[in-house]
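Throughout, protein chains are lettered first and strands after them, A, B, ... in sequence-line order, and every chain is numbered starting at 1. Only a predicted model underlies this, so the values are computations on that prediction, with no experimental measurement involved.
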Amino acid sequence: MTELSKQYDPRTVEPRSTERWLEAKAFAAAPKAGVTPYVIMMPLPNVTGALHMGHAIDNVMQDLLIRWHRMMGDNALWMAGTDHAGIGTQAVVEKRLFELEGKTRHDLGREALVQRIWEWKGQYQERIVRQQQAMGCSCDWDRQRFTMDAMCARSVRRMFFAMFRDGLIYQGHRLVNWDCQLQTAVADDELYKKAVQGHFWHLRYPVIDPQPGEPTHIVVATTRPETMLGDTAVACHPDPAAALTAATEQARAKLDAAPAKERDEAAAELERLQERAKTHLPQLQTIAAMARNGRQIMLPLQERTIPILLDEWAKPELGSGCVKITPAHDPNDYDVWQRHRDEIDAINVLEADGKMSAAAGADYAGLDRFAARKRVVADLDARGLLDRVEDRTIEIDHSDRSKTIIEPLLSKQWFVRMGDVEGGVLMGRGTEREFRAPGLAQAAIDACDPSWRSASGRQVAFHPDDRYRRTYIAWLAEKRDWCISRQLWWGHQIPVWRGEVQRQQLLILEGLVQPWLSRDDVTAWLALPDGRRLEPTAAFAALREDESIARADVLVCFRDEGPEAEVAPMLRAAGLEPDPDVLDTWFSSALWPHSTLGWPDPATAELDPGQSPVAAIGDAPDCLSYFYPGSCLVTARDIITLWVARMVLAGLYNLGDVPFTDVFIHANILDGKGERMSKSKGNGIDPVDIIERYGADAMRYVLCELQTGTQDVKLPVQVDSPFSNQPVDLAKAKHGRSIFTYLCPETGKEFDVIGTVDGVPKANPYSERFEIGRNFCNKLWNSARFALLNLEGVPFAPRARADLALEDRWILSRLSRARDEVQRQLEAYNPSAALNAARDFFWNELCDWYLELIKPRLRDGAERGQAQQLLATVLDQILRLLHPFVPFVTEEIWGQLRAAAPTRGVDRALPDAELVIRAAWPEARPDWVDADAERTLEQVHDVVTAAREIRARYQVAPSQRVPVVLVAPADRRATLEGAATTLIGRMCGAESVELTDQAPRGKDAATAVVGDVEIFVPGVVDVEAERRKLEKQREQLTARIGGIDKKLANEGFVAKAPPAVVERERQNLAGLRTQLEALEETLRALGDGD
RNA sequence: GGGCGAGUAGCUCAGUUGGUUAGAGCGCCUGCUUUACACGCAGGAUGUCGGCGGUUCGAGUCCGUCCUCGCCCACCA
């Protein structure tokens, strides 16, 4: 037997456990007919950088579930991998390229830049995997995937093709959030708001040929004057009087309901609106009338006539009451345009790089938008067309990736139709679970409706409560089309050839391409200038029929790469080009739960070297049919809409079934200030820093303990300053030059907590909260050490419960209950409660009581064997219960325990396994529950605690044995006699324990009363102190008795409370009265000597 | 503006369908090199359950209202 060191050292133990697991391929999962699979798909970390504590809690929760299910006998697969994170990764690499080499992506070119990004990806993927392995993540590393590897790429292409064929993917002009720096569209959730000091310019647009009584100018206001160059109208409300009245009424209602402190503000608002009816309304009505008469405005600088539109978007209560309309650069104006398509156009005055386009006019084209803004303002001012300028703080959208201001821009993008479609959408085409859904979003909504079931009987449920189901549904219910194109270089290129082809060319080509276009694995659409979108056959027919059709936009999508390559030269010759855009990252991550399993066809899926096969082998089914649908998706709530919803709809669309049945939403990790840890905020800390200091188990223990409900977790972070060596609280410290650096409060010098800033010393962050976990591991280690020191020659013999000692029956009873509680809480997705149940049993019952109780037996020849056997068994069981939480230390101890006690068990041998990771989860043992033993031990506990309190009060040295006299009524004495008395003596350092019905004579005894038992410790004195203590206790007792008396005297209580509750109160009262009697008896005994 | 959540011991948090004296860990106080563990052991102190009002025999728990904090969504010419 190896001697265990006195202090647990995770640095030596953790690598050893890891090695054992990897060597035994303990994380690997392969399809096996007849065994239930349990599958978790890891939320893919982005390869933009290293993991922080937010990822750690996510990974630890998954590992907890996976290890638990593995022990329960499920075939547990945890699929790991990383996400290429298109825009994020490209932005990081581009930024470095510029900082280190002063180059832009255009200097490098597409191919070279992508090559750079692959290198970056390799580096970070490796780091991420190292971090996860350090945490103990038991992923099947031989199945690790990347969203851009061959297997996943094929799936992406397949889904795109299917959706394109089904008409669910279309190309359209839409207003998108444009990042002028990265020159790509970005999603709404990739934006953040930032308050910027700006201005509000009021511009005067001349009315053409004003009539008497009509205004000569219409005033409109904007924060972005340069966009006026793209104005195509001015709008006015069709019924300004009614709208203003409505607004006034609303303001009045608000004033009536306003709380005191908002009253003034509400009153002022009401007054302002009432005033407006006089100042603005007449003119607005005039303008509305002018609009009806088709009067025109002269757009200054452009010298273009534009109409006055009547549209409700123009609010009479705001600004001048009129609003300029720039459909190509403002979302609301875009909507106005949609309502007035036949009256106005959209003019795009911006280029992709943020410079003004030719459409802005010769004076402005080529100017950066901010320079153009100044120029436009100056030019208008020079013409006397600038009414006034206000200073204003404006909340402006910024791009999360480039940190630059976003411009709304009209551009051509690819979309997935989320809404309902005429005739519905065929989900799971060609599978046995095929069904028809109204639309993609609706299908995903239905999937978590409790009344819905897929053909496999599955649906999606959220945990720990269904609060987040509402988030999910609310988002999907908008059914907003999903913009899937990004103008990036890093990602899955959109597999479409497109081009504008002239009529003549098309007709020449028809014969050539038609055979191709009629194939199953090719889909083409031809968009005619009149807006019709037709299949090739219909389109060619239309072309022949109508000679006025001059050209068509041709879009061709190939299902597979091979045929595409074959036809490519022909397509090129016809003037088609591959679409340069790439797909939104979420398009590929939506497929993660099945693309990683080889969909659409595991038999032909392409693997990276060394990876486990996904195809069927012999009798074993293939991975896709065996592991899909998966079990549980573990994630933080911010990703519900972005990812969870899209995985559900992609799974339903491709396979006709949900990707998982449960979604476990865990807490977010916040820093000491209460802000969410994230890479971009710079407040994330590397789990490896914590592991190095406290151990991985300690970190896992604390993260599990913190995972209570959905309460977010604050994790105050400190570092020791590399300059003063003093602890620095990062929540209070000032930042240095970057968000990753801080200033030492003593010296004012700068240090770095991540290690990214050159020339600044690195300080390792830590958090004292993890000491709890470290202490726990040490306790576990030492309890095992104690056991192992005492297990030499441990026998195994089946033992009947009747033959066991009182404390043995007690600990088995408590173990049985603890096991059930851990199980119950894990099933309820409550890791904290599960861990605490295991902890409380282990620490408070096993260590504090059982180990102490059996120490004498371990030294006693006759009783030693049984005590050893029980000790080995209980240790075995607690190691199994704790393994999913703290895998490393339990694995190490398990090895030692098996060496010392090859067979463990009480009535029969427990199932054994070489590694605890593969050991069977403790089975329920209701037959071990022993209510009598529990009651007796509870009394022993109470008496011992009281006796110890006496010892502490009189500062009796631990080594000093004292006599203890227990005075109790006959029935109580019957319980405490024998074994219990022995245990009491053992636990409170008694010289002797006397059980009697007679208080000892003399008053030189310290006393305590527990229930109906009086405790005397003769020989320690301070009669007055004793009396005071007992009198205080009597006072409290009397008060409580009074309270219950009153309650029971209350007719309402007796009549209306459940009988069981009333009965309990009566019992309680009786108990308290007995206790009071005993107390008074003790007081009398004290008084005897007076 | 709409929605969701939180407020319990000095700190971080539990507290099941209302029902004994509201709990844990950390911290604090006292004592202890008790043969596994001082990262430990034994003992102890600590609460206007955010405020007010209501329902109820009974409220930390249910309802109303107000205060404070956080998050999500929408909008901002």
*Anything under 30° is parallel, anything over 60° is perpendicular, the rest tilted; go ahead and classify A/Y829 against A/H463.*
parallel
Counting side-chain heavy atoms from CB outward, which of [options] is closest to [X]?
| X | options | result |
| --- | --- | --- |
| A/K6 | B/rA38, B/rG19, B/rG40 | B/rA38 |
| A/R948 | B/rG43, B/rC39, B/rG40 | B/rG43 |
| A/N778 | B/rA36, B/rU16, B/rC39 | B/rC39 |
| A/D848 | B/rU12, B/rA42, B/rC4 | B/rA42 |
| A/F786 | B/rA36, B/rG19, B/rA42 | B/rA36 |
| A/I772 | B/rG19, B/rC26, B/rC39 | B/rC26 |
| A/A952 | B/rC26, B/rC39, B/rG43 | B/rG43 |
| A/R480 | B/rC37, B/rG43, B/rA74 | B/rA74 |
| A/F1053 | B/rG19, B/rU20, B/rC39 | B/rG19 |
| A/K779 | B/rA36, B/rC39, B/rC71 | B/rA36 |

Does [X] reach a base, just sugar-phosphate, or nothing at all? Heavy atoms under 4.0 Å.
| X | answer |
| --- | --- |
| A/W843 | sugar-phosphate |
| A/R224 | nothing |
| A/C322 | base |
| A/P1058 | base |
| A/T471 | nothing |
| A/S959 | nothing |
| A/F200 | sugar-phosphate |
| A/N1068 | base |
| A/E852 | base |
| A/T945 | sugar-phosphate |
| A/E771 | nothing |

Once you apply the 3.5 Å cut-off to both distances, tell me the Watson-Crick or G-U wobble partner of [N], or none.
| N | result |
| --- | --- |
| B/rU46 | none |
| B/rC62 | B/rG54 |
| B/rC75 | none |
| B/rC41 | B/rG31 |
| B/rC69 | B/rG5 |
| B/rU17 | none |

_Nearest heavy atom decides the nucleotide; on that basis, is A/V944 or A/L670 closer to the 5' end of RNA chain B?_
A/V944
*Closer to the 5' end of RNA chain B via nearest nucleotide, is it A/W849 or A/D840?*
A/D840
_Check: A/Y468 ring centre within less than 6.0 Å of A/F462 ring centre_ = no
*Taking the six-membered ring for Trp, are A/Y694 and A/Y766 ring centroids under 6.0 Å apart?*
no
Looking only at atom [atom1], what distance separates [N] and [M], rounded to whole Å?
| N | M | atom1 | result |
| --- | --- | --- | --- |
| B/rA38 | B/rA6 | P | 41 Å |
| B/rC63 | B/rU55 | C1' | 7 Å |
| B/rG40 | B/rA36 | C1' | 10 Å |
| B/rC29 | B/rG70 | C1' | 36 Å |
| B/rU61 | B/rC72 | C1' | 27 Å |
| B/rG27 | B/rU21 | P | 31 Å |
| B/rG19 | B/rC62 | P | 11 Å |
| B/rC28 | B/rA45 | C1' | 8 Å |

*Do any side-chain nitrogens or oxygens of A/K1046 fall under 4.0 Å of OP1 or OP2 in B/rG58?*
no
_Can you tell me if A/N1050 touches the phosphate of B/rG58, counting only side-chain N or O atoms and a distance under 4.0 Å to OP1 or OP2?_
no
_Regarding A/E852 and A/K855, does a basic nitrogen lie under 4.0 Å from an acidic carboxylate oxygen?_
yes
_pair A/R864-A/E792: side-chain heavy atoms closer than 4.5 Å_ = yes
*Report yes if the side chains of A/N1050 and A/K1046 come closer than 4.5 Å at any heavy-atom pair, otherwise no.*
no
Over how many whole Å does the gap from [X] atom [atom1] to [N] atom [atom2] extend?
| X | N | atom1 | atom2 | result |
| --- | --- | --- | --- | --- |
| A/L706 | B/rA24 | CG | P | 18 Å |
| A/R470 | B/rC73 | CZ | P | 17 Å |
| A/I878 | B/rA36 | CD1 | P | 20 Å |
| A/E478 | B/rC73 | CD | C1' | 8 Å |
| A/E949 | B/rG31 | CD | C1' | 13 Å |
| A/L715 | B/rC26 | CG | C1' | 14 Å |
| A/L1069 | B/rU21 | CG | P | 12 Å |
| A/F842 | B/rA36 | CZ | P | 14 Å |

*asked:* Given 3.5 Å as the limit, does a donor-acceptor pair link the side chain of A/S832 with the main chain of A/L706, or not?
replied: no
*asked:* On the side chain of A/R1040, is there an atom forming a donor-acceptor pair with the base of B/rU21 - under 3.5 Å, no angle test?
replied: yes
*Looking only at N and O atoms, is any donor in the side chain of A/Q7 or the base of B/rC39 less than 3.5 Å from an acceptor on the other one?*
yes
*Which atom pair, heavy atoms only, marks the closest approach of A/L897 to A/A872?*
CD2-O, 4.0 Å
*Give a yes-or-no answer on whether the side chains of A/H237 and A/D311 include a donor-acceptor pair shorter than 3.5 Å.*
no
*Rounded distance (nearest 0.5 Å) linking atom CG of A/N778 with atom CD of A/Q7*: 5.5 Å
